[in-house]
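This report refers to the structure that appears directly beneath it.
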Amino acid sequence: MEMAFISRAFILLFLYTFVCNLSCITPLFSSSTDEYSDVQCLKSVKDSLDDPFNHLTWTFEHLTAGSFCNFVGVECWHDQEFKILNLSLSNMALKGKFPQGLEHCKSLQFLDLSGNHLYGTIPLEISQNLPNLISLNLANNSFSGEIPSTLANCSYLNMLEIDHNQLTGQIPPQLGQLGRIRVFNVSNNMLSGPVPNFPVPEESYANNKGLCGEPLKPCKGKGGSFKFDFSFESGFVAGFVFSAVSFIISFVSCVCFGHI
Ligand SMILES: *[C@@H]1O[C@H](CO)[C@@H](O)[C@H](O)[C@H]1NC(C)=O
Ligand SMILES: *[C@@H]1O[C@H](CO)[C@@H](O)[C@H](O)[C@H]1NC(C)=O
Ligand SMILES: *[C@@H]1O[C@H](CO)[C@@H](O)[C@H](O)[C@H]1NC(C)=O
Ligand SMILES: *[C@@H]1O[C@H](CO)[C@@H](O)[C@H](O)[C@H]1NC(C)=O
């Protein structure tokens, strides 16, 4: 009886230790892979960009835990959390495409690549790779092509600055779903069509090819077709009234003057 109790207690103790070990080891393991992933991120960003003035003095030999958090332009979450929160590489004359390696910086919330010589398109996968972005600044570069509609899935975005590029096409209507936008600047591109309903000033849209809608001039497209429908309908009614009246007149004139 007593032996059975003791062995049961041992089994419980064993199970408890086993479960605890699992739950204690797992977070340790995942946080170290996060850190590895953020180092990968910086490595591949550095590799993918041409850096003529050697602004990116990042070296990856003899890295100690979290030492990359002190790299130029890098800010981690806090002293014990070696994950990159903020990457700020503005005005460094960096040249290349949008760094694909940023997909390894999964915890990134603030990304500033403004004032460089970046070109090519803003990648479609941006929202999948950087889903937690609060601020994205790609202003003053040479990005071309269309603004990806997938940016609508970066639902925490407060600031989206993509002014002074060579972006074409329309502003994707899906971006209107971004309910937290406070700063939005697409000025100095080659965009056309309706603008989203954001609380931003006219200057955010300045110097494009043909943007329209509040706070700019109303769009011709929809207003125009509505007017067209309206005039078509009223024309139809007027035509009906006119033919009805002329029918009555001719009927009356036949009846009244027919026998003269
Ligand atoms: C991000 O880092 C840059 C450069 O260190 C700094 O100027 C900026 O204020 C930081 N942004 C946030 C939101 O912490
Ligand atoms: C972009 O360049 C313009 C003109 O050179 C400058 O006024 C503006 O501050 C720059 N914006 C950013 C985000 O670097
Ligand atoms: C947002 O993500 C969902 C799920 O991945 C996808 O089905 C949808 O098409 C995306 N929306 C945009 C605008 O890309
Ligand atoms: C957008 O950019 C233009 C030109 O770079 C600037 O004049 C304007 O103040 C900016 N607007 C916002 C809302 O940042």
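Counting convention: from 1, in listed order, for ligands and their atoms alike.
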Shortest protein heavy-atom distance from atom 1 (C) of ligand 1, along with the residue and atom involved: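 Answer for atom 1 (C) of ligand 1: Asn86 ND2, 1.4 Å.
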In the protein, which heavy atom is nearest to atom 5 (O) of ligand 1, and how far is it?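 So the nearest neighbour among protein heavy atoms is Glu75 OE1, 4.2 Å.
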Would a 4.0 Å cut-off, counted as strictly less than, catch a protein heavy atom around atom 9 (O) of ligand 1?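 Looking at atom 9 (O) of ligand 1, one finds that no protein heavy atom lies closer than 4.0 Å.
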Side-chain donor/acceptor of [X] to backbone N/O of [Y], under 3.5 Å:
| X | Y | answer |
| --- | --- | --- |
| Ser114 | Asn140 | no |
| Asn189 | Leu167 | yes |
| Ser88 | Asp112 | no |

By number and element, which atoms of ligand 1 are closer than 4.0 Å to a non-hydrogen atom of Phe110?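 In order of numbering, the contacting atoms are 13 (C).
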Contacting atoms of ligand 1, where contact means under 4.0 angstrom from a heavy atom of Ser88: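 Near Ser88, the atoms of ligand 1 are 2 (O), 3 (C), 4 (C).
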How about NZ on Lys95, more than 12 heavy atoms from neighbouring residues, nucleotides or ligands closer than 6.0 Å, or not?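 Atom NZ in Lys95 is not packed in, count stays at 12 or less.
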For the aromatic rings, using the six-membered ring if either is Trp, is the centroid distance between Tyr205 and Phe198 under 6.0 Å?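 Not close enough - the centres of the two rings lie 6.0 Å or further apart.
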